[in-house]
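Order of the sequence lines sets the chain letters (A, B, ...), proteins ahead of strands, with each chain counted from 1. All figures in this text were calculated on a predicted structure; none of them were measured in a lab.
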2 protein chains.
Amino acid sequence: MTDTSSTHHVLIVEDDEVTRARIAAYFESENYRVSQSEDGEGINRLIAESAIDVVMLDINLPGKDGLQLARELSEKTDVGIILVSARSDEIDRIIGLEIGADDYVTKPFNPRELLARVKNLIRRKQSDQSRHQNQRSKSFSGWTLDLSRRCLSSNTQDKLSLTRGEFELLVTFLEHPGKTLHREWLMEKVTHRVWSPNERTIDVLVLRLRNKIEQDSHAPQIILTVHGEGYLFASEVL
Amino acid sequence: MTDTSSTHHVLIVEDDEVTRARIAAYFESENYRVSQSEDGEGINRLIAESAIDVVMLDINLPGKDGLQLARELSEKTDVGIILVSARSDEIDRIIGLEIGADDYVTKPFNPRELLARVKNLIRRKQSDQSRHQNQRSKSFSGWTLDLSRRCLSSNTQDKLSLTRGEFELLVTFLEHPGKTLHREWLMEKVTHRVWSPNERTIDVLVLRLRNKIEQDSHAPQIILTVHGEGYLFASEVL
DNA sequence: ACAGAATGTTAATAGTTGTTAACCAAATGA
DNA sequence: TCATTTGGTTAACAACTATTAACATTCTGT
């Protein structure tokens, strides 16, 4: 299966254009897919939609508070966050605030150091992920998904088989419970294609999955719709 | 299992054409079957489809990340992976080996060294395999396959004989449980021919095997279909 | 060369996935 | 508030992919 994103995708949020371009060029030369933003504007959306692995976030942004942004991101997404700050005392404050960032760097920094931290973070995230994947099964609201047999079982009902698409979608939800997942992102994860506006592929897949797992698929309890955003897996996963 | 040809099949993934041609020529002179790719594009597919023994994978590929590629390969296939890196960066080394690569070479390297490592890896893989093969039998979901007598027995039912094709197919599945095997690949392993689209040979063989080993061949539990991909042996093998 | 078995091929059937469009619900703005 | 717009749901269908029975061919042992 050819992945859209075999390259890791990083986002640089930094208001100083020179610094930004320098970091971007460095990461591009290391074969990263690089996105940039000069302020925090719109990065929520960008991250939710385009499978970004790590954000390098400058704290001192014009207008927006970088810390607030970091908090939002760590609440709403599973993206890796590396905070960049000009002052080391500020970093102390951040650590105290337990904001959800995964790592931090103080200016001035060596691009190599930043790269090393990014690599390290990606590796940490991936080994978390593969620990997830190595589980035999996952349970949620009465159902148990058998990952090796690709089927669902429940205590109340019979075993249920899932189609490939339904299985992939459900696995994706189970890996990110409690986060709103956008169509763009789901499309990339499930079908390895990019989503184009007005496409209903994901909606139909959600419909079919709901018909199988929801008690009343017209009043879904497990996979919720977030209007204008995407879908949200609302059950606890064990 | 005897390969199509007595020669081993290696894949060189390297963007520098001169280096690639040099390595290729060297391996060809040593009677290897050599495939080449200048970027990671499509090698997933190539490996899934054409019985490659070892991939030599340059980490610094244009556009694609060799490490990510290595991870995908080691998750989805049982191919041997040797990473080639321009830098002796310790991080790369650690990540590489953690990610599922089998060996590691730094540039500049002597082709003889690379050859030695490839030979070594093939030997390791073969001794793993022959440990497999030296087993008298393999068991899975109630069945025991007697490898020397080429027959199946179970506690509940009578002994069952398998045809050559069914036996080869089953052995192939038993050697790669939990991996989705493509028709192309199965075709090469089982019948030693190449698969052409719309051919149903493998499907029919799977059908016949299912009829013998599945409780309900219309709702298979052991050999699963992965729509658009291939077949997957879903039982645990001991 | 023959019988019988194994294997390969074909085509009708069944199932999965993607697309469309009609319909319904939520947000928006006079 | 109601009309309008935007976004979500869903059935129906089209395109694609897998299953399977029946038949054709090849292989094997005598």
Side-chain angles (χ1 to χ4, degrees), chain A residues 1 45 48-49 150-152 160-170 172 180-184 186-214 216-232 234, chain B residues 49 150-152 160-172 180-184 186-214 216-232 234:
Chain A
M1 182 178 318
R45 184 137 219 114
E49 288 172 4
R150 302 181 149 234
C151 68
L152 270 173
L160 204 72
S161 71
L162 295 174
T163 69
R164 183 184 55 96
E166 291 159 4
F167 176 76
E168 302 265 8
L169 179 65
L170 182 54
T172 307
T180 299
L181 307 177
H182 293 227
R183 283 174 181 73
E184 292 87 333
L186 287 167
M187 196 73 180
E188 232 180 289
K189 291 283 171 190
V190 173
T191 68
H192 310 287
R193 300 184 300 155
V194 290
W195 183 82
S196 33
N198 303 324
E199 227 186 315
R200 298 278 79 126
T201 307
I202 290 298
D203 306 46
V204 174
L205 217 43
V206 166
L207 167 77
R208 286 168 181 163
L209 190 51
R210 276 176 175 162
N211 285 333
K212 291 195 176 176
I213 66 174
E214 298 278 1
D216 174 7
S217 70
H218 295 273
Q221 302 285 304
I222 303 171
I223 302 174
L224 307 184
T225 304
V226 183
H227 194 101
E229 296 270 302
Y231 295 97
L232 167 70
Chain B
E49 290 171 4
R150 302 188 150 227
C151 69
L152 271 172
L160 204 72
S161 71
L162 294 175
T163 70
R164 185 189 56 89
E166 290 159 4
F167 176 76
E168 301 266 7
L169 179 64
L170 181 54
V171 168
T172 307
T180 300
L181 307 177
H182 295 225
R183 283 173 180 73
E184 292 87 332
L186 287 167
M187 195 73 180
E188 239 187 272
K189 289 283 172 190
V190 174
T191 68
H192 311 288
R193 300 184 300 155
V194 290
W195 182 82
S196 34
N198 304 323
E199 227 187 314
R200 299 280 75 130
T201 309
I202 291 297
D203 306 45
V204 174
L205 216 43
V206 166
L207 169 76
R208 287 168 181 163
L209 190 51
R210 276 177 177 163
N211 284 333
K212 292 194 176 177
I213 66 174
E214 297 277 2
D216 174 7
S217 70
H218 295 274
Q221 301 285 303
I222 303 171
I223 302 174
L224 306 185
T225 304
V226 184
H227 193 103
E229 298 266 303
Y231 295 97
L232 167 70

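For the pair Arg193(A) CZ and dT19(C) C1', the computed distance is 10 Å after rounding to whole Å. In this structure, the NE2 atom of His192(B) is 11 Å from the P atom of dG8(C), given to the nearest Å. To the nearest angstrom, P of dT9(D) lies 13 Å from CG of Leu209(A). In this structure, Asp216(A) atom CG and dT9(D) atom C1' are separated by 13 Å, rounded to whole Å. Atom CZ in Phe167(B) sits roughly 15 Å away from atom P in dA6(C) (whole-Å rounding). For the pair Asn198(B) CG and dA11(C) C1', the interatomic distance rounds to 12 Å; values are reported in whole Å. Atom CD of Glu199(B) and atom P of dA11(C) are 15 Å apart (whole Å). Regarding Leu205(A), its CG atom lies at a distance of 7 Å from the P atom of dG18(C), rounded to whole Å.
Each end of the helix from dA1(C)-dT30(D) to dA30(C)-dT1(D) yields a helix axis from five base pairs, and these two axes differ in direction by 30° (to the nearest 10 degrees).
With Glu168(A) contributing its side chain and Lys189(A) its backbone, the two residues share no donor-acceptor pair below 3.5 Å. At distances below 3.5 Å, at least one donor-acceptor pair connects side-chain atoms of Glu214(B) with backbone N or O atoms of Gln221(B). A donor-acceptor pair is defined here as one N or O able to donate and one able to accept, closer than 3.5 Å; no such pair exists between the side chain of Arg210(B) and the backbone of Ser217(B).
Annotation: side chain of Leu170(B) is in contact with side chain of Leu152(B) (closest heavy-atom distance under 4.5 Å). Side-chain contact between His182(A) and Glu229(A) is present, with at least one heavy-atom pair separated by less than 4.5 Å. Annotation: side chain of Leu224(B) is not in contact with side chain of Tyr231(B) (no heavy-atom distance under 4.5 Å).
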Report task. Assess whether side chain to side chain contact (heavy atoms under 4.5 Å, CB included) is satisfied between Arg183(A) and Thr201(A), documenting all intermediate values. Result -> CA-CA 9 Å; Arg183(A) 283 174 181 73; Thr201(A) 307; over 6 Å; no
Hey, what are the protein-to-nucleotides 27-30 of chain C N/O distances that come in under 3.5 Å?
none

Report summary line: Reading nucleotides 19-30 of chain D from 5' to 3' and marking B where a protein heavy atom lies under 4.0 Å of the base, S where only the sugar-phosphate is that close, and - otherwise, the string is BBB---------
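Applying the 4.0 Å criterion to OP1 and OP2 of dG18(C), one finds that Thr191(A) has every side-chain N and O outside that range. One finds no side-chain N or O of Thr201(B) lying less than 4.0 angstrom from the OP1 or OP2 phosphate oxygen of dT7(C).
Once rounded to the nearest 0.5 Å, the distance linking OG1 of Thr163(A) with CZ of Arg150(A) reads 9.5 Å. Rounded to the nearest 0.5 angstrom, Met187(B) CE and Glu49(B) CD are separated by 13.5 Å. To the nearest 0.5 angstrom, Leu162(B) atom CG is 7.5 Å from Cys151(B) atom SG.
Positionally, the nearest nucleotide of DNA chain C for Leu162(A) lies more toward the 5' end than for the other of Met187(A) and Leu162(A).
Among the candidates Ile213(A), Asn211(A), Val206(A), the single residue satisfying the side chain to side chain contact (heavy atoms under 4.5 Å, CB included) test with Leu209(A) is Ile213(A).
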